[in-house]
Trainee: 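Once you've had a glance at the structure underneath, I'll fire off some questions.
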Amino acid sequence: MIPRTPKRKGSGSAEDMLPWLAVGAAAVVFVGFLSAWLGGSLGAAAAGAGWNPPPFALSTLATLVQDGPAAIWPGVSPAMSGAGIAVTFGVLLGLVVALVLLVRKGLGSSDGLAGRKELASMLPKGAAARALELRPQLKKLTNGGKLTPDDTGNLLGNLEPHGPELRSSYEDVELDLMAPRAGKSTGIAVPRVLRARGSVLLTSNKSDVYSVTRAERERVGQVWTFDPQGIAHTPRALWWDLLADARDIEGARRLAGHFVSAVNDDASKRDFWISAAQNTLTALFHAASKGGRSIEEVLGWLADPADRTPIDLLRDAGMTALAEQLRGTIQGAVETRDGIYETARQCVACLLDPRIVAWVSPDPVLPEFRPDHHVLGTDTLYLLSKDGGGSAAGVIAAVADSVLRAGVRAAERMGGRLDPPMTAVLDEAANVCRISDLPDLYSHLGSRGINIVTLLQSYRQGSRVWGEAGMDALWGASTIKLLGAGLDDADFVEKISKLVGEQDVSTVSVSRTKGSRTRSTSYRLERILPADQIRALPKGTALLLATGVRPALIRLRPWYKEPGAERISAAAKAEVQAITARAAKELSR
């Protein structure tokens, strides 16, 4: 646990501590005498001497100390009276400890952070009540019995230092910022996937979460692995229709936007070429979808701007305005046209890899992944891609966006909310899943029963992808924020320190003048968590910022410390061995 700023500072002298020492000593003597008086009398009564307690006075205490129990309870075995004293002392001590704990619980946190009282809605009882409000059908599913903890919400962690577990609701949307190896995978991504009640969507640039969770998710539903670049070296066992969502203009524009965002480092700084390339890709994707053409033909149209096929397809589909816009681009100045088309080619360069194209093209042998079916069950979709040049990030973002929008449509058909709720964990979202309007989606996905978690390494990383305004919107729309270890952005950490707030700290000073002693107390405001303490959060802990609640410090609960970890670990080890074997086989070809 991080060091705390004390609320009270005094001179620290032994003289100042004397009154408290005297009170403590008196309390110990009182409890001890009460135990001896009551316990000895009870022991005597149990021995058959009847209830004859001695006077509750200092003289009795003195006699007990000088002459022993026999002088107070004559005719009673010292063993019986001693046993009564010991049992009574233990009971009283337990009552005192319980009373202290209750008082501590009632007072809540004493360090300026949120305690049990403020976090009541996230404690087990409050989370269960909130779950029943959001999902009334839970009563039917449990036949009136007790809800399982994972039915009540998402496990966040345990309140520090010794508090209970805290859970967010399934309508919360979450943003987590922490450095690499600070617990994102073991304490957040893996537990969310393992504990999910409905369908799951996971994006990542590594195979660690996939390896740990795949076997467990197979126990509750079908596992789909979309791995076009061989992150987990899984053989292709599905295909997804890349052009399916491009049947309308909005879907085509969103699809084009995913490929543009994959190569554009800042969504807020789109120049002419980027915007024009997105418009061109929108027209080509829509033409191919309407005309029943393949993605390979789209690449051919990009390679030959003079090809009039997409214009004719758009006109045949009744999209005259879009066809004319595309014709204007093609017939414009050669330098401008070539610049636009070259930019568009760079945006979809990953589709030049036949291994990637195979995953997004129809295959009569393999099953088709259908987002609209996926969101209604308990299946799991793993979207894996490398980051950097040549990555399939545009394709990954397109699949993820298609699933999220399918979830929204399904929720609307179900009366507004998915049940069971869908879990979407966007790990490494800034690298492999740059959904350009993700901040806007956050404002309503939670109310649709889509519990989305975006994991970033820093606030600045998100700003590079969505721009300052976009990242501010994502931050503001997130109802749950977890800030973990390794946040080294000085400006951001200082802002968080201000958000956590200040508290009154008393300072006691003692002055002596001509034999007299004067004691005075002054107050000042002091940061609850200075910036250096936020930066130095230990690994495995996180600062919780929930809407409408004071910040709290929690400890994450990694999957390997939970029940069933041995079984999961064994399955993960077997999966890693399988991945290694597949990789070796590929290298030997």
Side-chain angles (χ1 to χ4, degrees), residues 1 3-4 6-8 10 12 14-111 113-120 122-126 128 146 149 157-166 552-555 557 561-563:
M1 185 176 175
R4 287 285 180 266
K7 281 191 171 183
R8 178 185 178 93
E15 186 177 353
D16 290 325
M17 297 298 294
L18 266 177
W20 297 107
L21 291 175
V23 171
V28 170
V29 171
F30 176 79
V31 172
F33 178 52
L34 179 61
S35 301
W37 177 83
L38 181 59
S41 299
L42 290 173
W51 176 252
N52 297 302
F56 193 79
L58 290 177
S59 58
T60 302
L61 177 61
T63 303
L64 179 64
V65 172
Q66 294 176 2
D67 303 326
I72 300 177
W73 297 283
V76 177
S77 169
M80 289 297 296
S81 58
I85 292 173
V87 170
T88 305
F89 180 77
V91 171
L92 290 177
L93 182 61
L95 291 174
V96 170
V97 172
L99 180 61
V100 170
L101 292 177
L102 285 174
V103 171
R104 182 180 178 184
K105 178 180 178 180
L107 292 176
S109 177
S110 61
D111 51 19
L113 298 175
R116 292 170 179 257
K117 184 177 180 180
E118 295 93 336
L119 298 167
M122 305 177 75
L123 298 182
K125 186 176 180 180
K146 185 178 181 181
N158 289 351
L159 180 64
E160 282 281 69
H162 308 296
E165 68 179 27
L166 300 177
L553 186 67
I554 67 171
R555 179 165 295 279
R557 284 171 50 176
K561 292 184 178 180
E562 296 295 300

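Numbers for residues simply follow the sequence, beginning at 1. Predicted, not measured: the structure shown is a model, and the values here were computed from it.
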Trainee: What are the two closest heavy atoms between Ala552 and Leu119, and how far apart are they?
Mentor: CB-CD1, 3.8 Å

Trainee: Atom OG1 in Thr88, atom CG in Leu38: separation rounded to 0.5 Å?
Mentor: 5.0 Å

Trainee: Identify the two heavy atoms, one from Arg116 and one from His162, that lie closest to each other, and give their separation to 0.1 Å.
Mentor: NH2-O, 4.2 Å

Trainee: Taking all atoms of both residues into account, what is the closest heavy-atom pair of Pro149 and Glu165, and its distance?
Mentor: CB-OE2, 4.1 Å

Trainee: Before you tell me yes or no, could you show the steps for Leu166 and Asn158 under side-chain contact (heavy atoms from CB on, under 4.5 Å), namely the whole-Å CA-CA distance, both residues' side-chain angles and the distance that decides it to 0.1 Å?
Mentor: CA-CA 6 Å; Leu166 300 177; Asn158 289 351; over 6 Å; no

Trainee: Under 4.5 Å between any side-chain heavy atoms of Pro54 and Ser41, yes or no?
Mentor: yes

